[in-house]
Amino acid sequence: MKKITIVGSGSVGSTISYTLMLMGLANEICMIDINSKKAYGEALDIQQGTPFVTPCRVYSGDFCDALNSDIVIITSGAARKPGMSRLDLAQVNINILNSITPEITKYAPDATYIIVSNPVDILTYVFCKNSGIPEERIIGSGTILDTARLRAKLSKIFGINERNVHAYVMGEHGDSSFVPWSLANISNVPIAECSTSIIRNDGKSYPEIDYEIIEKYVRNSGARVILDKGATFYAVSASVCHICRSLLGGIDTPLTVSTMLHGEYGIDDVCLSLLNIVSREGATSKLLLPLTNQEIYALKKSAECLKDTLSKIEY
């Protein structure tokens, strides 16, 4: 039996619950929200679709109902509005997280926690400092979504399956994120050589890509979705469910998720995304990729941006 508790029944939390149900990742899904009526309605709606998928019990409850959870996913917080950066949300969502933390950890002390609320790196850091949960069992969703957006874009450019695109977004889940292009490749062909090495049957070659334009596209994707439809929840839900699958599947999986750093690349005491190995025990180790000096500089700059925010807030 696998039990997952989701704190927050807004668009993201509810879509995560629905996606978990469709994927058959849990036998039991508990939804908790300060608006208990909303949580009940969402859980009931999802539960009534379970006859068509793997059997799963979906219900709403209180913090005490998180007892024996294998995973707790925290999505609670104020939503990002058009024109608002993730970091603008920091203090209000820290206050919300701090009100939740002692309640949920009391009943689920052995769970692995996935922080999804934004600004995710800041909240992951605060949860590490205040929860008492071992760091390897605290995972911020980080740049796993940014990485998915990057791979989807490159897949579209080169007309190739996303699974054959190997590229990452690292650092903050936000404006200071960056792509280590020196490591990006498509089926082991360095991304810089793809325009000439991937030969189409019609004899045409692919255009050389503009790294800056693609990184800007990735950074602005969330804001664009929010501008067009009011919120982002499908892609982030799929990415969080992929983290859950890695935690429950027993196969070590490298993911760009946010965890606490302790001297990696000369960076300490901040949470941001590197390539982490995620398994049943949580985020158990980091893959220190051979970054160029320029890429290490970008990573340190991202860490400095997050530390600057942490210095201006109360947690």
Side-chain angles (χ1 to χ4, degrees), residues 4-20 29-35 38-39 42 63 66 69 71-82 84-105 108 111-131 133 135 137-146 172-175 177 222-223 225-226 230-244 247 255-260 270-273 283 306 309-310 313-315:
I4 298 177
T5 293
I6 303 169
V7 183
S9 298
S11 296
V12 172
S14 298
T15 308
I16 290 173
S17 179
Y18 176 67
T19 308
L20 286 170
I29 300 172
C30 175
M31 302 179 67
I32 300 172
D33 197 282
I34 191 171
N35 184 344
K38 175 75 159 57
E42 294 287 359
F63 289 111
S69 294
I71 298 172
V72 173
I73 303 169
I74 298 179
T75 70
S76 298
R80 186 160 65 119
K81 305 298 182 183
M84 177 186 289
S85 75
R86 294 180 181 89
L87 296 183
D88 289 335
L89 288 173
Q91 190 63 63
V92 62
N93 281 352
I94 283 172
N95 295 341
I96 292 171
L97 178 66
N98 284 340
S99 68
I100 292 169
T101 298
E103 297 297 323
I104 191 68
T105 56
T112 296
Y113 284 76
I114 303 175
I115 312 299
V116 182
S117 309
N118 277 316
V120 65
D121 302 292
I122 299 295
L123 296 185
T124 302
Y125 179 88
V126 171
F127 194 79
C128 282
K129 293 296 184 181
N130 296 344
S131 68
I133 300 297
E135 287 180 4
R137 289 198 280 112
I138 301 173
I139 298 171
S141 55
T143 61
I144 188 171
L145 174 56
D146 308 79
E172 174 203 356
H173 175 53
D175 296 337
S177 66
V225 172
I226 290 170
T232 62
F233 42 87
Y234 293 128
V236 66
S237 299
S239 64
V240 171
C241 290
H242 184 64
I243 297 173
C244 292
L247 288 168
L255 301 174
T256 50
V257 291
S258 185
T259 57
M260 184 70 76
V270 70
C271 289
L272 50 69
S273 289
L306 289 165
T309 299
L310 287 167
I313 58 178
E314 296 181 6
Y315 56 88

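Numbers here simply count residues along the sequence, with the first being 1.
No donor-acceptor pair under 3.5 Å is formed between the side chain of K38 and the backbone N or O of D33. R137 places no side-chain N or O within 3.5 Å of a backbone atom of Y113 that could act as its donor or acceptor partner. No donor-acceptor pair closer than 3.5 Å links the side chain of S14 to the backbone N or O of S11. With N93 contributing its side chain and A78 its backbone, the two residues share a donor-acceptor pair below 3.5 Å.
From C128, atom SG reaches atom CD1 of I138 across 4.0 Å, with rounding to the nearest 0.5 Å. Atom-to-atom distance recorded for N118:CG and L123:CG is 7.5 Å, nearest 0.5 angstrom. One finds the CE atom of M31 at 4.0 Å from the OG atom of S9 (value rounded to the nearest 0.5 Å). C30 SG to I6 CD1: the interatomic distance, rounded to the nearest 0.5 Å, is 9.0 Å. To the nearest 0.5 Å, the span separating OG1 on T112 from CD1 on I133 amounts to 9.0 Å.
When all heavy atoms of T75 and G13 are compared, the closest pair comes out as OG1-CA, 3.7 Å. Contact between A111 and V72 at its shortest, heavy atoms only, is CB-CG2, 3.9 Å. Considering every non-hydrogen atom in both I29 and S17, the closest pair reads CG2-OG, 3.4 Å. A231 approaches V225 most closely through the heavy-atom pair O-CG1, 3.4 Å. Taking all atoms of both residues into account, the shortest heavy-atom contact from G140 to V120 is CA-CG2, 4.0 Å. When every heavy atom of E172 is checked against every heavy atom of L306, the shortest pair comes out as CG-CD2, 3.8 Å.
The side-chain heavy atoms of I73 and I115, taken from C-beta on, include no pair separated by under 4.5 Å. Side-chain atoms of L255 and I243, non-hydrogen and from C-beta on, do get closer than 4.5 Å to each other. Residues L310 and I122 meet the side-chain proximity criterion, which asks for heavy atoms closer than 4.5 Å. Using a 4.5 Å heavy-atom threshold, the side chains of I32 and F63 count as touching. Contact annotation: the side chain of H242 approaches that of I144 to within less than 4.5 Å [non-hydrogen atoms, C-beta and beyond]. Using a 4.5 Å heavy-atom threshold, the side chains of H173 and D146 count as touching. Residues L247 and I114 form a side-chain contact, since some pair of their non-hydrogen atoms from C-beta on lies under 4.5 Å apart. Counting heavy atoms from C-beta outward, K129 and M260 have side chains that approach closer than 4.5 Å.
Other residues, nucleotides and ligands place more than 12 heavy atoms under 6.0 Å from the CZ atom of F233. Annotation for I34: atom CD1 does not count as buried by contact number, only 12 or fewer foreign heavy atoms lying within 6.0 Å.
Applying the salt bridge (Lys or Arg N to Asp or Glu O under 4.0 Å) rule to pairs touching residues 6-16 yields nothing, sequence neighbours excluded. The stretch residues 10-20 participates, sequence neighbours left out, in no salt bridge (Lys or Arg N to Asp or Glu O under 4.0 Å) pair at all.
Applying the side chain to side chain donor-acceptor pair (under 3.5 Å) test to S141 and every residue at least two apart in sequence or in another chain returns nothing. Judged as a side chain to side chain donor-acceptor pair (under 3.5 Å), and not counting sequence neighbours, the contacts of T5 are S69. By the ring pair (Phe, Tyr, Trp, His ring centres under 6.0 Å) test, Y315 is found to be paired with Y125, residues two or more places apart in sequence or in another chain being considered.
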Please tabulate, for the side chains in residues 97-105, all donor-acceptor contacts under 3.5 angstrom to protein atoms that are two or more places apart in sequence or on a different chain.
residue: N98; atom: OD1; partner: N130; partner atom: ND2; Å: 3.1
residue: S99; atom: OG; partner: I96; partner atom: O; Å: 2.6
residue: T101; atom: OG1; partner: L97; partner atom: O; Å: 2.8
residue: T105; atom: OG1; partner: T101; partner atom: O; Å: 2.7

Worksheet entry | Candidate pair Q91 and I313, rule side-chain contact (heavy atoms from CB on, under 4.5 Å), full reasoning | CA-CA 6 Å; Q91 190 63 63; I313 58 178; 3.2 Å; yes

Fill in: T259 vs T124, side-chain contact (heavy atoms from CB on, under 4.5 Å): CA-CA, chis, key distance, verdict
CA-CA 7 Å; T259 57; T124 302; over 6 Å; no

Worksheet item: Checking side-chain contact (heavy atoms from CB on, under 4.5 Å) for the pair V116/I74: CA distance, chi angles, key distance, verdict?
Response: CA-CA 6 Å; V116 182; I74 298 179; over 6 Å; no

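A side-chain N or O of S258 and one of D121 form a donor-acceptor pair less than 3.5 Å apart.
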